[in-house]
Amino acid sequence: DWNFCNGTCGAQADEAAEYIDVAVLVKGLDASPRRRANSNVTYDLGGNVSVVLSTKVYVEGDPGEWVDMMEGYPKLETIGQKTVFVIRFPKFMDSAKYDPVVEFSRALENGGVGVDGDDDDDDD
C-alpha cells in the first residue's frame, strides 16, 4: 500500500504528492541500455534483446484507466554507477500498473532476425 502525502506529512505544511517515481534497473549484455535510433521508447540491451517502454500507466480506481505519463517519462537516468529506467506514476487511489515489453530475437544464419524459434527462414 502506498499513501500519498496529503499536505500534512512533509516539511512544509502545504506539500502534497502528485506522483511517485520508480527506478527500474534492467541488466543486459551491454554495459548500459542504448536508445534505438528513431525511437524514444525502445532501448537495446545487447544480445538481441530490447525493451519497449510504454508512455502509459494503468491507474486503478472507479473506473480504472490507462493514462499518459508526464512528458519526458519514462526516461533513462544514471544513479551512481547504474543506469535505470524511471517510470512516473501519477497519484492513484488503489493501485497502478506498468507494462513494458521485452523483445528477444535470434540472428539467423542468413543474417536475418527471427523470433519464431525456427532456425531458418523456410516455411516448414
Side-chain angles (χ1 to χ4, degrees):
D1 290 337
W2 182 263
N3 293 319
F4 285 90
C5 181
N6 62 6
T8 61
C9 53
Q12 302 292 325
D14 61 351
E15 287 183 349
E18 295 299 321
Y19 58 84
I20 181 171
D21 287 347
V22 176
V24 180
L25 175 63
V26 178
K27 298 195 93 139
L29 290 179
D30 288 349
S32 64
R34 291 174 290 115
R35 188 171 60 84
R36 190 173 290 171
N38 301 321
S39 175
N40 290 327
V41 295
T42 303
Y43 292 84
D44 291 320
L45 304 176
N48 293 324
V49 177
S50 61
V51 62
V52 181
L53 302 176
S54 174
T55 58
K56 294 190 176 282
V57 295
Y58 186 80
V59 179
E60 290 187 352
D62 187 23
E65 63 182 323
W66 286 98
V67 297
D68 291 323
M69 267 188 236
M70 288 182 71
E71 190 169 330
Y73 289 88
K75 66 180 179 177
L76 195 63
E77 192 172 279
T78 301
I79 299 176
Q81 299 286 324
K82 299 182 185 213
T83 304
V84 297
F85 294 107
V86 179
I87 313 311
R88 179 164 280 184
F89 291 92
K91 190 173 187 175
F92 53 88
M93 296 301 294
D94 298 318
S95 64
K97 298 176 185 176
Y98 183 72
D99 193 16
V101 175
V102 178
E103 299 177 322
F104 298 91
S105 63
R106 178 168 42 121
L108 301 175
E109 291 177 17
N110 67 1
V113 174
V115 293
D116 62 0
D118 196 353
D119 289 342
D120 54 30
D121 60 354
D122 60 12
D123 293 331
D124 57 335

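Throughout, residue positions are numbered sequentially from 1 according to the sequence presented. In this text, all values refer to a predicted model and were calculated from it rather than measured experimentally.
A continuous path of Ile, Leu, Val, Met, Phe, Trp and Tyr side chains, each step under 4.5 Å between heavy atoms, connects Ile20 with Phe85, placing both in one hydrophobic cluster. By the criterion of side-chain heavy atoms lying less than 4.5 angstrom apart, applied directly or through intervening Ile, Leu, Val, Met, Phe, Trp or Tyr residues, Ile79 is grouped together with Ile87 in one hydrophobic cluster. Residues Val22 and Leu76 fall within the same hydrophobic cluster, defined by Ile, Leu, Val, Met, Phe, Trp and Tyr side chains chained together at heavy-atom separations under 4.5 Å. Val101 and Leu25 are assigned to two separate hydrophobic clusters, defined by single-linkage of ILVMFWY side chains at heavy-atom distances under 4.5 Å.
The shortest side-chain heavy-atom distance between Val41 and Thr55 falls under the 4.5 Å cut-off. Between Val26 and Tyr43 there is no side-chain heavy-atom pair separated by less than 4.5 Å. Using a 4.5 Å cut-off on side-chain heavy atoms (C-beta onward), Pro33 and Val51 make no contact.
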Residue pair Tyr98, Val24: steps toward the side-chain contact (heavy atoms from CB on, under 4.5 Å) verdict: CA-CA 11 Å; Tyr98 183 72; Val24 180; over 6 Å; no

Criterion side-chain contact (heavy atoms from CB on, under 4.5 Å) on Leu29 and Val49, from CA distance to verdict: CA-CA 9 Å; Leu29 290 179; Val49 177; over 6 Å; no

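Summarising the geometry, atom CZ belonging to Phe89 is positioned 11.0 Å from atom NZ belonging to Lys97; distances are rounded to the nearest 0.5 Å. In this structure, CZ in Arg35 is found 14.0 Å from OG in Ser50, a value given to the nearest 0.5 Å. Rounded to the nearest 0.5 Å, atoms CG (Asp44) and CZ (Arg36) are 4.5 Å apart.
When all heavy atoms of Pro74 and Met69 are compared, the pair lying nearest together is N-SD, 3.6 Å. For Ser39 against Thr42, the heavy-atom pair with the smallest separation is OG-N, 3.0 Å. Across all their heavy atoms, Arg88 and Val57 have their closest contact at O-CG1, 4.3 Å. Nearest heavy atoms, Ala23 versus Val84: CB-CG2, 3.9 Å. Nearest heavy-atom pair, Tyr19 versus Met70, reported as atom, atom and distance to 0.1 Å: CD2-SD, 4.2 Å. Among all heavy-atom pairs drawn from Asp99 and Ser54, the shortest one is O-CB, 4.2 Å.
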